[in-house]
Amino acid sequence: MVMRTLVYNEGVPTMRVFQLEGGWSADHLVIAERPMPEPGPGQIVLRMRAASLNYRDTVVIQRGYGSQTGQLPLVPVSDGVGEVVALGAGVSRVQIGDRVCPMFSPNWIGGRPTAARLGATLGGPLNGVMQEYMLIDAEGVALAPPHLSDVEAATLPCAALTAWSALVTEGKIEPGDRVLIQGTGGVSLFALQFAKMLGAFTIVTSSSSEKLERARALGADATLSYRETPEWGRSVRDIAGGDGVDHIVEVGGQQTLPQSLRAIRPGGTISMIGVLSGPSMEARLGLIVTRQVRLQGITVGSRDSFEAMARAISQHQLRPVVDRVFTFEELPQALTYLVSGAHFGKVCITHG
Ligand SMILES: NC(=O)c1ccc[n+]([C@@H]2O[C@H](COP(=O)([O-])OP(=O)(O)OC[C@H]3O[C@@H](n4cnc5c(N)ncnc54)[C@H](OP(=O)(O)O)[C@@H]3O)[C@@H](O)[C@H]2O)c1
């Protein structure tokens, strides 16, 4: 990793940022200096305290979303938390000293998704949270739950909100529903925690027996190794009883969807969240039709949904599962660790 210092005109205050410059790969991540941001009307400046990584951040660095990934130089990583240190003219939503999370989609306040709301996202194409100070519209942040540490609060904007949107905003799960959760990464463990909070019966799959044990300790009612049982669809149906599970948090994509279509009950919902095992769909479409299955795409969520989620997290004193914390300078190592798949829950960064 290169540490690069730009020289600005003497007297111009600067801050440190991590940015991707000169090419799209982790080898092009450098620490650079940029001028300290000044808030314009309606804007605020945050002193960033912590960040957390999502699988998406590793995709962005390789320009995996094509032209939608954004332009270089780009400040990576979508999720973080910071303290409000400056207010632009006309800002009344937040106060100096408030601890807030920048929203993953800062233009999506509420209502239905639109191309403009979904297209403007932090950590690509918009600059992300790996900067000491961050300039953002005051409308694009929400208060972090007070009981959480900085690192815990930094896990919420993408991973937690995606799980919340899947199970609550769109999924509307109810007590007693049977929910299948794939894997034990960031989104999946939030899905497990929310599903338990809402009184659901939960089944978790993982490649690792040790992670399954930890999932049971977190409240999973049943667990299954997708490595030992690659054709797990029937097994899940047997565990769920009846016609199958009511809801599936689908993060695998290509290879897991055929199994999910065996595990889901007629009329159940599969939340389409990730494509970890491949991006194409090779599934028996007849099963979707004849079992009247709902395939619901999820793209994180709105600020309104975040605020509803934050209230529930506060009310239930829920604590995110943090696997490991790296320093600001260790971003490349943190990304490598995430890609290794060794983590259980969230990989985080402190800004120091
Ligand atoms: N649509 C959205 O709004 C949205 C938002 C956030 C994330 N995502 C997507 O959701 C996926 C997960 O993201 P994340 O940030 O939570 O990732 P993560 O923290 O890196 O977790 C990935 C986990 O998925 C599990 N996994 C991998 N392959 C699997 C398979 N074939 N079947 C079941 N589980 C599998 C693994 O669990 P084990 O180690 O236990 O096997 C792995 O630890 C990614 O594809 C990401 O792009 C989408």
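Order of listing sets the numbers, starting from 1, for every ligand and every atom in it.
The local environment of CZ in Arg294 is crowded, with over 12 non-hydrogen atoms from other residues, nucleotides or ligands closer than 6.0 Å. Enclosure of atom CZ in Arg227 is not indicated, since only 12 or fewer non-hydrogen atoms of other residues, nucleotides or ligands lie within 6.0 angstrom. Applying the 6.0 Å contact sphere to CD of Glu228 captures no more than 12 heavy atoms from other residues, nucleotides or ligands.
Between Ser208, Ala160, Ser206, Gly186, it is Gly186 that holds the heavy atom closest to atom 19 (O) of ligand 1. The closest heavy-atom contact to atom 23 (C) of ligand 1, among the options Gly185, Gly252, Ser78, comes from Gly185. In the candidate list Trp232, Tyr226, Phe190, Phe344, Tyr226 is nearest to atom 34 (N) of ligand 1, counting heavy atoms.
Cation-pi contact between Arg214 and Phe344: present, with separation from the ring centre below 6.0 Å and deviation from the ring axis of at most 45°.
Under 4.0 angstrom from ligand 1, there are no non-hydrogen atoms of Val59. Contact annotation for Thr162 and ligand 1: only side-chain heavy atoms (C-beta onward) come within less than 4.0 Å of the ligand. The part of Cys158 lying near ligand 1 is the side chain, judged by heavy-atom distances below 4.0 Å.
If you check which protein heavy atom lies closest to atom 48 (C) of ligand 1, you get Ile273 O, 3.0 Å. Summary of contacts: the protein heavy atom closest to atom 47 (O) of ligand 1 is Tyr55 CD2, 3.5 Å. Residue, atom and distance of the protein heavy atom nearest to atom 25 (C) of ligand 1 are Gly183 CA, 3.8 Å. Distance from atom 37 (O) of ligand 1 to its nearest protein heavy atom, with residue and atom name: Thr184 N, 3.3 Å. Counting only heavy atoms of the protein, atom 20 (O) of ligand 1 lies nearest to His343 NE2, 3.1 Å. For atom 24 (O) of ligand 1, the nearest protein heavy atom (residue, atom name, distance) is Leu276 CD1, 3.2 Å.
A salt bridge does not link Arg34 to Glu132: none of the charged side-chain nitrogens sits closer than 4.0 Å to a carboxylate oxygen. In this structure, Asp323 does not pair ionically with Lys346, as no charged nitrogen and carboxylate oxygen lie closer than 4.0 Å.
Atoms of ligand 1 found under 4.0 Å from any heavy atom of Val275, numbered from 1 in the order shown, are 45 (O). Near Val300, meaning under 4.0 Å from one of its heavy atoms, ligand 1 places the atoms 2 (C), 3 (O).
The one candidate from Gln259, Gln182, Gln296 that meets the side-chain hydrogen bond (donor to acceptor under 3.5 Å, both in side chains) condition with Glu250 is Gln182.
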| request: Let me see the working for Arg63 and Thr69 under side chain to side chain donor-acceptor pair (under 3.5 Å), right down to the final yes or no. | output: CA-CA 6 Å; Arg63 202 170 180 267; Thr69 316; 5.3 Å; no

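At least one heavy atom of Lys211 sits less than 4.0 Å from an atom of ligand 1.
Arg178 contributes a side-chain N or O that, together with a main-chain N or O of Gly244, makes up a donor-acceptor pair within less than 3.5 Å.
The presence of a protein heavy atom under 4.0 Å from atom 42 (C) of ligand 1 is ruled out.
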